[in-house]
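Down below is the structure, laid out as structure tokens.
The sequence lines fix the lettering, A, B, ..., with proteins before strands; numbering per chain opens at 1.
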2 protein chains.
Amino acid sequence: MKITIKDIAKLAGVSTATVSKIVNNKIDDVSDTTVYKVRKIIKEKNYTPNYLARSMVTKKTKTLGLIIPDIRNPFFTDIAKGAEDRANELGYSIFFCNSDDDLDKEFTYINSLIEKQVDGIMLAGAAKRDRDRERKININIPIVAVDRNAYYKGIKGSIEIDNYTGAYKGVNHLISKGYERIVFVSGPLETKPSMERLRGYKKALKDAGKIIDNENIIVGTYERNFGEKVIETLDYSLKNVGFFCGNDLIAIGLIKSLKEKNYKVPEEIGVVGFDDIYISLLISPSLTSLRQPSYKMGYESIELLIKILDNNNEEKNKKMLKTRLIIRESTNRINLD
Amino acid sequence: MKITIKDIAKLAGVSTATVSKIVNNKIDDVSDTTVYKVRKIIKEKNYTPNYLARSMVTKKTKTLGLIIPDIRNPFFTDIAKGAEDRANELGYSIFFCNSDDDLDKEFTYINSLIEKQVDGIMLAGAAKRDRDRERKININIPIVAVDRNAYYKGIKGSIEIDNYTGAYKGVNHLISKGYERIVFVSGPLETKPSMERLRGYKKALKDAGKIIDNENIIVGTYERNFGEKVIETLDYSLKNVGFFCGNDLIAIGLIKSLKEKNYKVPEEIGVVGFDDIYISLLISPSLTSLRQPSYKMGYESIELLIKILDNNNEEKNKKMLKTRLIIRESTNRINLD
DNA sequence: TTGTATGCGTTATCAT
DNA sequence: ATGATAACGCATACAA
């Protein structure tokens, strides 16, 4: 039988109200002696409050939901780790949900999280969105969107990456390395990151005096599998082509297929990824990529979410973090300019 | 204001008791007409029960805890994914915890999970254990141990891998490929998997008529970093050496350092990993490894845990899964035998 | 400074 | 077949 506040009250010869105050540190008008006495008994009896009962009356569960599209993508794993660490530091627990990039599954999870009365949700949304359906869902708890876009009513803040500048830097790097045709192997254009990267890609081409050709924009999913298949779909020569990829998984798949076809990377073909997941360092040739502060994104998203919950959110609830170009072997050839 | 069972009762002109019965499908002695009437109103009003209140009285939260050592290791990521999928299918939510292979952190998480009244815990324990301290913790909910060993009182079942046979197969493969000196680069020997693999390693050597030399057993952590440093510590020639590694991360680090020192893998040196994480396919040379059914381990652990919760656990609560040797480039040389 | 009483939303027991 | 009511463990408004 678990010990309750009543037991403590009886043992201490005080009321449950007094014990409750002491447990919650609202001891402004409780005498030092009773505080001492009760604390001692609490310690002795190893009493811990029942969270469920507490939540019933406070309407707060100290619990958050975390929804990410793909736990197998190290980028999201890092986000999750950052989120978990910060939540833990602030005394929150996290319900963990994997949407598999499926909006319906995301809906289901959101409902289930609301039923379980989480205080808030941190969401990296599924790729394909549906503005109308999302708007219809009645969400009365705050959501912080991270990385991906979403349209729920509950969204009260977001942590993003400067994808536009990141893409610009990556494409520009390929151009400066003398690759002639620059191909963008994009993730789903429904996602804001992809849209922004496309913008950056176009701007970089434009600034370099290159023409933008739709033939050079290939759209697929954020999966390695897509990267592996991509060259099969191209009907032009891959001589001196620079590939700018939507993420590292795509780039890794692409490099794999290029090697199998005996293309030389980086001599003939350059490849740039996005995310800088740790595998990118390990493959051969190692991958030039745009490093995202993924752990930080998770960490700060939870921080923002809890700040919103505490209503200390006078500051703006939108934050944009920077990327950094990490140059490795996959583009490291002598500049032909 | 959220709608409650009382509201439904009032609208239907029945008691909350009746509504409760219908909500929980205990309708043996409720008339069809009231069932129909109440169900209709529930649907109209979009009523969902308050889980906290329900849990207060049923003492069940339909919530589980999942503790793993390292979310950044794809092996555990896969376990987590399997766990989440099965929990979701069975109507449970998962609190997700990362112990960073730190026993103290594991303790803290277990306490916090118990406070949050999870129904059970699935645990892949931190590497270093402390039998005495573990035994002292009073745990009144079932724990299923997966992969790693642990000594808590609450442990009611386990899902393991046949590490002994796996190691035997891996070492035997190296021997059959003609590598002369077989070195075991082990993870922490406090973990049962490492102990079992050591047993398998020794048995394979013995069966091949080789002597067991402690100089050939290097112990470290399950991290890539350890693998990268390992050859620095060896003072014998690496000519024709076969490395059997405690996991793939170690093997990947080892291969990286071997390449940097211009050793030829697999011609001069063979490397076998353990886990077969997906990166092993992508590095160069690709890694021969022992595939573990990691997703399945997570999936079945949750299944077992919930079975124990439901008291349908007449079957034995211990299961041992098999490994499979996946041969790739890192050992693929012409047999010198 | 302390205690009493009520309510949070549900399930379960026992009458009716 | 249905309903009244206690109980779960706590926080809080208000009274003392």
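Between A/Ile27 atom CD1 and D/dA11 atom P there is a gap of 15 Å when expressed in whole angstrom units. Taking atom CD1 on A/Ile8 and atom C1' on D/dA11, their separation rounds to 16 Å, with Å as the unit. Distance NZ (B/Lys60) to C1' (C/dT10): 16 Å, rounded to an integer number of Å. Between the NZ atom of A/Lys6 and the C1' atom of C/dT4 there is a distance of 13 Å, given to the nearest Å. For the pair B/Met56 CE and C/dC8 P, the interatomic distance rounds to 13 Å; values are reported in whole Å. Taking atom NZ of residue B/Lys26 and atom P of nucleotide C/dA12, one finds them 4 Å apart after rounding to whole Å. In this structure, the CZ atom of A/Arg54 is 19 Å from the P atom of D/dC8, given to the nearest Å. The nearest whole Å value for the distance from the NZ atom in A/Lys59 to the P atom in D/dC10 is 17 Å.
Residue A/Lys21 has its side chain nearest to C/dG3 when only C/dG3, D/dG9, C/dA5 are considered. The side chain of A/Thr58 sits closest to D/dA11 out of D/dA4, D/dA11, C/dT2. Among the nucleotides C/dT10, C/dT2, D/dC10, the one closest to the side chain of A/Val57 is D/dC10. When distances run from any side-chain atom of B/Ala53 to the nucleotides C/dT1, C/dG9, C/dC8, the shortest one goes to C/dG9. Proximity note for B/Val14 (side chain, C-beta onward) versus C/dT1, D/dG3, C/dA5: the nearest is D/dG3. Distances from the side chain of A/Ser20 to the nucleotides C/dT2, D/dA11, D/dA1 place D/dA11 closest. The side chain of B/Ser15 lies closest to D/dG3, out of D/dG3, C/dT4, D/dA1.
Note on A/Asp100 versus A/Lys105: salt bridge recorded, some NZ/NE/NH1/NH2 to OD/OE distance being below 4.0 Å. Using a cutoff of 4.0 Å between basic side-chain nitrogens and carboxylate oxygens, A/Asp85 and A/Lys81 are scored as salt-bridged. For the pair A/Lys319 and A/Glu160, the salt-bridge criterion is not met [side-chain N within less than 4.0 Å of a carboxylate O]. Between B/Arg72 and A/Asp78 there is a salt bridge, since at least one side-chain N of the basic residue sits less than 4.0 Å from a carboxylate O of the acidic one. At a threshold of 4.0 Å, the pair B/Lys45-B/Asp7 does not count as salt-bridged, since none of the basic side-chain nitrogens sits closer than that to a carboxylate oxygen.
Using a 4.0 Å heavy-atom criterion, one finds that B/Thr34 contacts the sugar-phosphate atoms exclusively. Counting any heavy atom pair closer than 4.0 Å across all strands shown, A/Asp29 reaches a base atom.
Regarding contacts with the backbone of D/dC8, every side-chain N or O of A/Thr4 stays at 4.0 angstrom or more from both OP1 and OP2. Here B/Thr16 does not reach the OP1 or OP2 of C/dT11: none of its side-chain N or O atoms lies under 4.0 Å away. Contact check, B/Asn50 against C/dC8: no side-chain N or O comes under 4.0 Å of OP1 or OP2. Look at A/Tyr47 and you won't find any side-chain N or O under 4.0 angstrom from OP1 or OP2 of D/dG9.
Note that A/Arg135 lies outside the cation-pi zone of A/Tyr151, set by a 6.0 Å cut-off to the ring centre and a 45° limit from the axis.
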